[in-house]
Amino acid sequence: MSTAAAGLTLRTAEPLTREAFAPFGDVIQAEGAARHYTINGGNTERFHDLAAVEPGVDGRAIVSLFRGQPRALPFRVEMMERHPLASQAFMPLSGRPYLVVVAPPGAAPTAADLRVFLASAEQGVNYAPGVWHHPLLALDAVCDFLVVDRAGPGHNCDEVELPEALLIDLPR
Ligand SMILES: NC(=O)N[C@@H](O)C(=O)O
Ligand code: NI
C-alpha cells in the first residue's frame, strides 16, 4: 500500500483465490474445484456446485448479461454497494481479467476495510448476501459477464459513499 498523489491511498490488487475470497463468497472456477465428475458418456466434465446461489425469501434466481465498459486505472473507489437479500454472481465471458473490490458484510466500509482482487478470465465470483462490493470493474475493453442474482420484492441494493476514496491499480 502506498500514498498516491492527492493524498489518497493506493492499493494494488492481490490474486483472487478461494481461500482469500472465502469471507466474501465463492470463486467460480474449474481449477481446484472440490467436486467434479465426468458425464455425457465421457464427453463432458462437470464442475459441480461451485457457488451458493441465494435468491432469498420470495426471490427468484435470474440470469442476466452485463456488458461493462472498461475502467481506467488507477481507479478511484468512492462508493460500495451490497445486496442484503440475495447473492450476486459474475462470470466473465470475454476472456479478460477484471477487478473485484469487496468488504465484509455489516457496517458501512471505509477504505481500510476494502480488499482488492484481480480475477482472471477463468474466475467468476459469487458475492454472498450483504457483502459490500464495488459495481462491475471491467478492464481494457468492453467485456460481457453472465450474472446470476435476484428478482423479487423488497429493497436489495444499498449504496454507501466511502468517507475517503481509495485508489486501486494492478500490481506493476
Ligand atoms: N446494479 C446492478 O445490477 N449491478 C451491481 O449490483 C453490480 O454489482 O455490478
Ligand atoms: Ni452488485
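Hydrogens, waters and symmetry mates are skipped; everything else that's a heavy atom, side chains included, is used. Every number for a ligand or one of its atoms is a count from 1 in the order of the listing. Numbers here are sequence positions counted from 1. This is a predicted model, so every value here is computed, not measured.
Note on V116: it clusters hydrophobically with L170, by side-chain heavy-atom contacts below 4.5 Å among ILVMFWY residues.
One finds the NE2 atom of H134 at 9.5 Å from the CG atom of L114 (value rounded to the nearest 0.5 Å). Rounded to the nearest 0.5 angstrom, L99 CG and L118 CG are separated by 6.0 Å. Atom CE in M91 sits 8.5 Å away from atom CD in Q123 (nearest 0.5 Å).
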- Can you check side-chain contact (heavy atoms from CB on, under 4.5 Å) on H48 and H36, steps first, answer last? CA-CA 5 Å; H48 183 67; H36 62 92; over 6 Å; no
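Relative orientation of the F21 and Y127 rings is tilted, given thresholds of 30° and 60° on the angle between their planes.
For the Ni ion (ligand 2), the N/O/S atoms of D149 include none lying under 2.8 Å. Among the atoms of Y127, no N, O or S atom falls under 2.8 Å of the Ni ion (ligand 2).
Taking every non-hydrogen atom of P135 and a distance limit under 4.0 Å, the qualifying atoms of ligand 1 come out as 7 (C), 8 (O), 9 (O). Residue-ligand proximity, H83 to ligand 1, at heavy-atom distances under 4.0 Å covers atoms 6 (O). Near H133, meaning under 4.0 Å from any of its heavy atoms, are these atoms of ligand 1: 8 (O).
Of all protein heavy atoms, the one lying nearest to atom 6 (O) of ligand 1 is E81 OE2, 2.5 Å. With respect to atom 9 (O) of ligand 1, the closest heavy atom belonging to the protein is L136 N, 3.2 Å.
For atom 4 (N) of ligand 1, a protein heavy-atom neighbour is found at a distance under 4.0 Å.
In terms of distance to the Ni ion (ligand 2), the nearest N, O or S atom of H133 is named NE2. Nearest to the Ni ion (ligand 2), among the N, O or S atoms that E81 has, is OE2.
Where the criterion is an N or O separation shorter than 3.5 Å, residue side chain and backbone included, D149 fails it with respect to ligand 1.
Ligand 1 is never approached by Y127 to a heavy-atom distance shorter than 4.0 Å.
For Y98 and F90, the ring centers sit 6.0 Å or farther from each other.
In terms of modelled atom types and a separation under 3.5 Å, the side chain of D113 and the main chain of P104 share no donor-acceptor contact.
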